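Below is one structure, written out as structure tokens; the observations come after it.
Remember, it's a predicted structure, so these values are computed and weren't measured experimentally. We name chains A, B, ... by the order of the sequence lines, and we start the count at 1 in each one.
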Amino acid sequence: MKSWEGQNKMVRVRFAPSPTGYLHIGGARTALFNWLFARHNKGVFILRIEDTDILRTDESSLESILEDLKWLGLDWDEGPNTEGNFGPYFQSQRQEIYPKYIKILFEKGYAYYCYCTPFELEQRRNLALSEHKTPGYDGRCRNLGSEEKKKYEAEGRRPAVRFKIPDEGKTEFRDLIRGEVVFDNKLLDDFVILKSGVSAVNSGRGGLPTYNFANVIDDALMEITHVIRGDEHISNTPRQILLYRALGFKEPVYVHIPLILGKDGSPLSKRHGTVSVGWYREQGFLPEALVNYLVLLGWAPDGIRQILRVEDMIKEFIIERVSKNPAIFDIDKLTWINSEYLKNMDPDKKTDLVIEYLVSSGAICSAPMSDVISDSVSEASELHRGAEKDKIKEIVNIIGDRLKIISDIETYGSFFFTDEIKYDETELSSKLSDEKVRKGLAVLKEKFASIMFDHQNIEQTVRDVARELGLKAKDIIHPLRYVLTGKTVGPSLFESIALLGREKTIARLKIGTDTIF
RNA sequence: GGCCCCAUGGUCUAGCGGUUAGGACAUCGCCCUUUCAAGGCGGUAGUAGGGGUUCAACUCCCCUUGGGGCCGCCA
């Protein structure tokens, strides 16, 4: 038995991002599937950072990836900042591990030095491509004599190490969602397992293992039982399996999940708009909604239920049921799912999220100014803040289900947080073109000064004024909304006015109507 | 160019030889209504094409077409 399959061994899976950018939507789903598989099987979810290419890694992306994973609720059992017996979990800290296995491969005759320069290889590849031939490495350094080696060394060439692929035979593996996949070894070329660091461009990379090599060593040493990763790695799999076999390691079970595509059917990337998890967080998408949407991209427990709690996902996640076909990312459905979560969210929590959003967007201050003056007033500030929160809670309440993502607060509630209402001149004058409407607004401005300012009275007053002028209620409601909020859409007008308050309402009626006259 | 993967409405999917091909998003219409949402009701829309196998194919096999991936001293 060469693989972990059927061995009743503790499931161990890993997500292995390279810290060269932000967490991508596709990466997030790969992480999610790994995490769900681990949790479903009561196994271990490992986070390993593949930072071998030091030229391309940066600290800030590592932090944001960790932050995004945590935000999504994908906690890891082993990895950065977490105990584990299979560390270190940064590839850059595992460099002393790899030479040993390179040596073993040499001893077993599976490895050899290659003196071809990147430039030469590039030229040959381009030539092959132009002749419509397979561009792979031709194996010319496989059997170099010591004379030739000396000659190359004398030229100052630093060799890379390549893995020798068997000339004959086929390499097959079973993929949990695709079944048997077979590759003819003849079609595989000898790939580099240890970089040479020969040129200036590559300085700093010398002697480092390549992805295909380090990945296998790390997975084997970390006793990864199931490799769950993107579709794009299928072609790499036979090479990796051959490495496992050459080294006598137990092979993992493979699961290649389909890619997430953009609207045009090409793999989701920056040019399709925003693909970083961080962006969705900033826009006010909820982590549970994003997770819910992502899991539906390729997996459905029954094809009926759309809203799934994480506990249910864990309970029902059968990885063999993951779809084979790629899925197109659809932000409309994500938005719908988000709105479903928002509809059922506790008002206090929703309000907190809105406040958080408003603060980060600069629409409101995080705390009253008095806060910074002295401790003695901070108690009063707390009260003030509590009052602010109650107010915002009411605003959130009247906006209701219109809030599909938190940032929708801007389209529906911005007029509560600023006095600088921007009017479109054309819109405004068309709204106020009717003499009776202008008259009505003027009357309302007077009446609002003296009525009891709650939404029932406000509504009554507006309707009365409209009737007295021989207008339909909506003929005055729409202009009134526009003058007060600068928008043609929004929550219930009368409740909005009540929340806006008498003073601001009257002031805006004055400014709004003055603008046109 | 070679090899590999994939194929149910615009999108995500259910289906696992016999179904009026189900659900959801989006879309359209109507109702509700102060706008926009929400909600209710209803509608449009799908098995890529061609061959087999079978009493019977969305379902199994082959080919074609289409889409994607890999063929890096990137991961």
Choose from [options] the nucleotide whose nearest atom is closest to any side-chain atom of [X].
| X | options | answer |
| --- | --- | --- |
| A/A160 | B/A26, B/C73, B/G23 | B/C73 |
| A/F183 | B/C3, B/C71, B/A24 | B/C3 |
| A/L259 | B/G68, B/A38, B/U34 | B/G68 |
| A/P267 | B/U34, B/G69, B/C71 | B/G69 |
| A/H478 | B/C25, B/C70, B/U34 | B/U34 |
| A/D189 | B/U35, B/G72, B/U34 | B/G72 |
| A/K324 | B/U35, B/G23, B/C6 | B/C6 |
| A/R162 | B/U13, B/C73, B/G69 | B/C73 |
| A/L187 | B/A24, B/G2, B/G68 | B/G2 |
| A/I304 | B/U13, B/C36, B/G23 | B/G23 |

Identify whether any heavy atom of [X] sits under 4.0 Å from a base atom; if not, whether one sits that close to sugar-phosphate; answer base, sugar-phosphate or nothing.
| X | answer |
| --- | --- |
| A/G400 | nothing |
| A/V462 | nothing |
| A/V181 | sugar-phosphate |
| A/G230 | nothing |
| A/T411 | nothing |
| A/R305 | nothing |
| A/R321 | sugar-phosphate |

>> Suppose we screen for side-chain hydrogen bond (donor to acceptor under 3.5 Å, both in side chains). Which residues come up paired with A/E153, at least two apart in sequence or across chains?
In response: A/Y115
> Would you say a side-chain N or O of A/R463 is under 4.0 Å from OP1 or OP2 of B/U34?
Replying inline: yes
> Would one find a side-chain N or O of A/K343 under 4.0 angstrom from OP1 or OP2 of B/G39?
Replying inline: yes
>> Would you say the rings of A/F106 and A/Y113 are close, in the sense that their centroids are separated by under 6.0 Å?
In response: yes
>> Could you check whether A/K133 pairs with A/D138 (Lys NZ or Arg NE/NH1/NH2 to Asp/Glu carboxylate O, under 4.0 Å)?
In response: no
> So does A/R14 pair up with A/D219, basic N to acidic O under 4.0 Å?
Replying inline: yes
> Mind checking the C1' distance from B/C12 to B/G2? Whole angstroms is fine.
Replying inline: 33 Å
> Using the P atom in both, what is the distance from B/U59 to B/C16, to the nearest Å?
Replying inline: 13 Å
> In terms of ring plane angle, is the pair A/F173 and A/F183 parallel, tilted or perpendicular, where the classes change at 30° and 60°?
Replying inline: parallel
>> Classify the ring geometry of A/F317 against A/F33: parallel below 30°, tilted from 30° to 60°, perpendicular beyond 60°.
In response: tilted
> Considering heavy-atom distances to RNA chain B, does A/N236 or A/R402 have its closest nucleotide positioned more toward the 5' end?
Replying inline: A/R402
> With nearest nucleotides of RNA chain B determined for A/Y211 and A/R481 from heavy-atom distances, which residue corresponds to the more 5′ nucleotide?
Replying inline: A/R481
> Considering every strand shown, what is the Watson-Crick or G-U wobble mate of B/G46 when both distances are under 3.5 Å?
Replying inline: none
> Under 3.5 Å, is there an N or O donor on one side and an acceptor on the other linking the side chain of A/S196 and the base of B/C73?
Replying inline: yes
